[in-house]
Amino acid sequence: MDLGASGNDSVVTEFVLLGLSETPALQPILFTVFLLAYVATLGGNLSILAAILAEPKLHTPMYFFLGNLSLLDVGCISVTVPAMLRRFMSNNRSIPYGACFSQLFCFHLLAGADCFLLTVMAYDRYLAICQPLTYSTLMSWGIQQALVGMSWAFSFTNALTQTVALSTLDFCGPHVINHFYCDLPQLFQLSCSSTQLNELLLFVAAAFMGVAPLVLITVSYAHVAAAVLRIRSAEGRKKAFSTCGSHLTVVSVFYGTGVFSYMRLGSVEASDKDKGIGILNTVISPMLNPLIYSLRNPDVQGALQRVFTGRRPPE
């Protein structure tokens with residue numbers, strides 16, 4: 001631990017991330033597993049993005065938002081996994097104070113934008129199914145851009161607020177984080193000053209960026225379910241539900257792990273469990289999202305086939 005003098009206080013200038021395992025024999029195995037997961041995530045999400053850009057049939061609001069979600073997934077896993085792979089290679093687990101805070105800021109920026117974008121996607125499905133006659137007007141290109149821009153703006157504000165508030169805390173030892181990336185709950189445990197304000201800010205953020213979007217998603221899909229059940233054709237009901245099923249699966253994974261992770265502040269015993277939740281949030285979810293969205297979507301499957309084979313889309 002490097003300590004620097006600041007008045008009469010000693011301050012931590014770097015942290016040590018314990019990572020997933022301290023067993024040397026497991027390091028090469030973990031490196032290989034997470035490298036493959038990272039490559040698969042990049043390949044899957046960038047393939048989805050390429051398919052959306054190349055296929056005119058996918059130039060719709062739903063796929064515009066899906067393309068943005070793919071970019072967020074690439075960013076989210078890139079914030080945590082490459083640094084973890086580097087530590088596996090070098091066996092150096094230290095992370096400078098500034099780098100730790102930068103990682104935290106980027107993670108909350110991307111995860112927050114994910115929260116709002118999933119809400120926007122639910123709203124899009126509500127308009128498409130419940131307001132089909134006015135859908136093109138209510139979801140114009142300008143409105144799509146504005147909704148994505150607002151998602152980024154709200155998330156940036158929260159990430160900056162959390163990071164600045166965290167920087168006001170004193171860290172005077174210990175400096176060991178029982179996790180594989182820097183996050184708020186673990187850093188709260190290491191602070192030697194009061195974290196009451198920080199925990200309040202995190203609670204407010206959880207309500208604004210977690211509970212409120214989840215309520216809006218639930219309300220949107222309640223209206224969607226009511227509208228779909230009024231469709232007389234079984235084929236029509238199946239098609240309508242199929243456009244929502246993938247999104248609901250992603251929402252369930254994202255919010256389920258997020259709520260479990262951040263609603264247990266101060267629980268030291270849960271640190272090892274937090275690593276599992278962190279893997280779900282930062283690795284498994286971004287890796288599975290392309291599969292979830294393409295598995296039962298013939299339009300995406302056809303576009304992906306044309307991207308990989310080089311065939312032109314039908315006129």
Side-chain angles (χ1 to χ4, degrees), residues 1-2 12-45 72-111 114 162 166 171 173-191 202 250 253-291:
M1 176 173 66
D2 295 329
V12 171
T13 59
E14 69 176 26
F15 297 99
V16 173
L17 292 165
L18 291 184
L20 297 177
S21 173
E22 298 183 66
T23 306
L26 286 178
Q27 305 300 313
I29 298 174
L30 291 173
F31 176 85
T32 303
V33 169
F34 282 96
L35 177 61
L36 292 175
Y38 184 61
V39 171
T41 302
L42 290 184
N45 282 286
L72 287 174
D73 285 339
V74 168
C76 193
I77 195 171
S78 296
V79 166
T80 57
V81 170
M84 180 170 61
L85 294 175
R86 186 169 61 252
R87 285 190 291 273
F88 284 143
M89 290 284 290
S90 65
N91 206 29
N92 180 9
R93 300 181 182 180
S94 65
I95 179 171
Y97 181 93
C100 183
F101 276 53
S102 296
Q103 185 183 56
L104 182 143
F105 171 81
C106 292
F107 175 74
H108 280 268
L109 172 65
L110 295 165
D114 223 332
Q162 300 292 345
L166 188 68
F171 297 93
H175 68 312
V176 177
I177 301 174
N178 189 15
H179 214 308
F180 63 93
Y181 65 93
C182 294
D183 203 3
L184 291 171
Q186 289 75 32
L187 287 168
F188 287 169
Q189 294 173 7
L190 300 185
S191 175
L202 184 55
V250 172
V253 173
F254 182 83
Y255 278 98
T257 56
V259 168
F260 188 77
S261 180
Y262 289 103
M263 290 303 174
R264 299 177 296 101
L265 293 178
S267 175
V268 178
E269 296 79 6
S271 294
D272 290 333
K273 294 180 182 178
D274 289 341
K275 295 179 187 179
I277 298 299
I279 292 172
L280 283 173
N281 275 330
T282 64
V283 181
I284 304 300
S285 182
M287 184 173 62
L288 289 182
N289 284 353
L291 182 62

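Heavy atoms only: backbone and side chains are in, while hydrogens, waters and symmetry mates are out.
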Looking at OH of Tyr97 and OG of Ser102, how far apart are the two atoms once the value is rounded to the nearest 0.5 Å? 11.0 Å
Taking the side chain from Thr32 and the backbone from Pro28, do they hold a donor-acceptor pair closer than 3.5 Å? yes
Exercise: identify the closest heavy-atom pair between Ser94 and Glu14: CB-OE2, 3.7 Å
Look only at the side chain of Asn45 and the backbone of Pro286, and say whether a donor-acceptor pair between them is shorter than 3.5 Å. yes
Of all heavy-atom pairs linking Phe180 and Lys275, the shortest is CE2-O, 3.6 Å
Out of curiosity, Leu17 CG to Asn92 CG, how far, rounded to the nearest 0.5 Å? 10.5 Å
Flag the pair Val283 / Tyr38 as yes when at least one side-chain heavy-atom distance between them is below 4.5 Å, and no otherwise. no
Which heavy atom of Val79 sits nearest to which heavy atom of Leu110, and what is that distance? CG2-CD1, 3.6 Å
Test Gln103 against Ile95 for side-chain contact (heavy atoms from CB on, under 4.5 Å), laying out the working first. CA-CA 10 Å; Gln103 185 183 56; Ile95 179 171; 4.2 Å; yes
Could you tell me the separation between the CG atom of Asn289 and the CD1 atom of Ile284, rounded to the nearest 0.5 Å? 11.0 Å
Rounded to the nearest 0.5 angstrom, the CD1-CG distance for Ile279 and Leu20 is 4.5 Å
Could you tell me whether the side chain of Cys76 reaches within less than 4.5 Å of the side chain of Phe107, counting heavy atoms only? yes
Between Val74 and Thr41, does the side-chain contact (heavy atoms from CB on, under 4.5 Å) criterion hold? Intermediate values first, please. CA-CA 7 Å; Val74 168; Thr41 302; 5.6 Å; no
Are any of the side-chain heavy atoms of Gln186 and Asn178 separated by less than 4.5 Å? no
By disulfide bond (SG atoms under 2.5 Å apart), Cys182 pairs with (sequence neighbours left out) Cys100
Identify the heavy atoms of Gly278 and His179 that sit nearest to each other, and give their distance. CA-CE1, 4.3 Å
Quick one: pull up CG in Leu280 and CE in Met287 and give me the separation to the nearest 0.5 Å. 10.0 Å
Just to verify, which of Leu30, Ile29, Leu35 counts as forming a side chain to side chain contact (heavy atoms under 4.5 Å, CB included) with Phe88? Leu30
Could you give me the CA-CA distance, side-chain angles and deciding distance for His175 and Thr13, then say whether side-chain contact (heavy atoms from CB on, under 4.5 Å) is met? CA-CA 9 Å; His175 68 312; Thr13 59; over 6 Å; no
Atom CG of Leu104 and atom CG of Asp183: how far apart are they, to the nearest 0.5 Å? 5.5 Å
Please determine whether side-chain contact (heavy atoms from CB on, under 4.5 Å) holds for the pair Leu166 and Phe171, giving the CA-CA distance in whole Å, both sets of side-chain angles, and the decisive distance to 0.1 Å. CA-CA 10 Å; Leu166 188 68; Phe171 297 93; 4.1 Å; yes
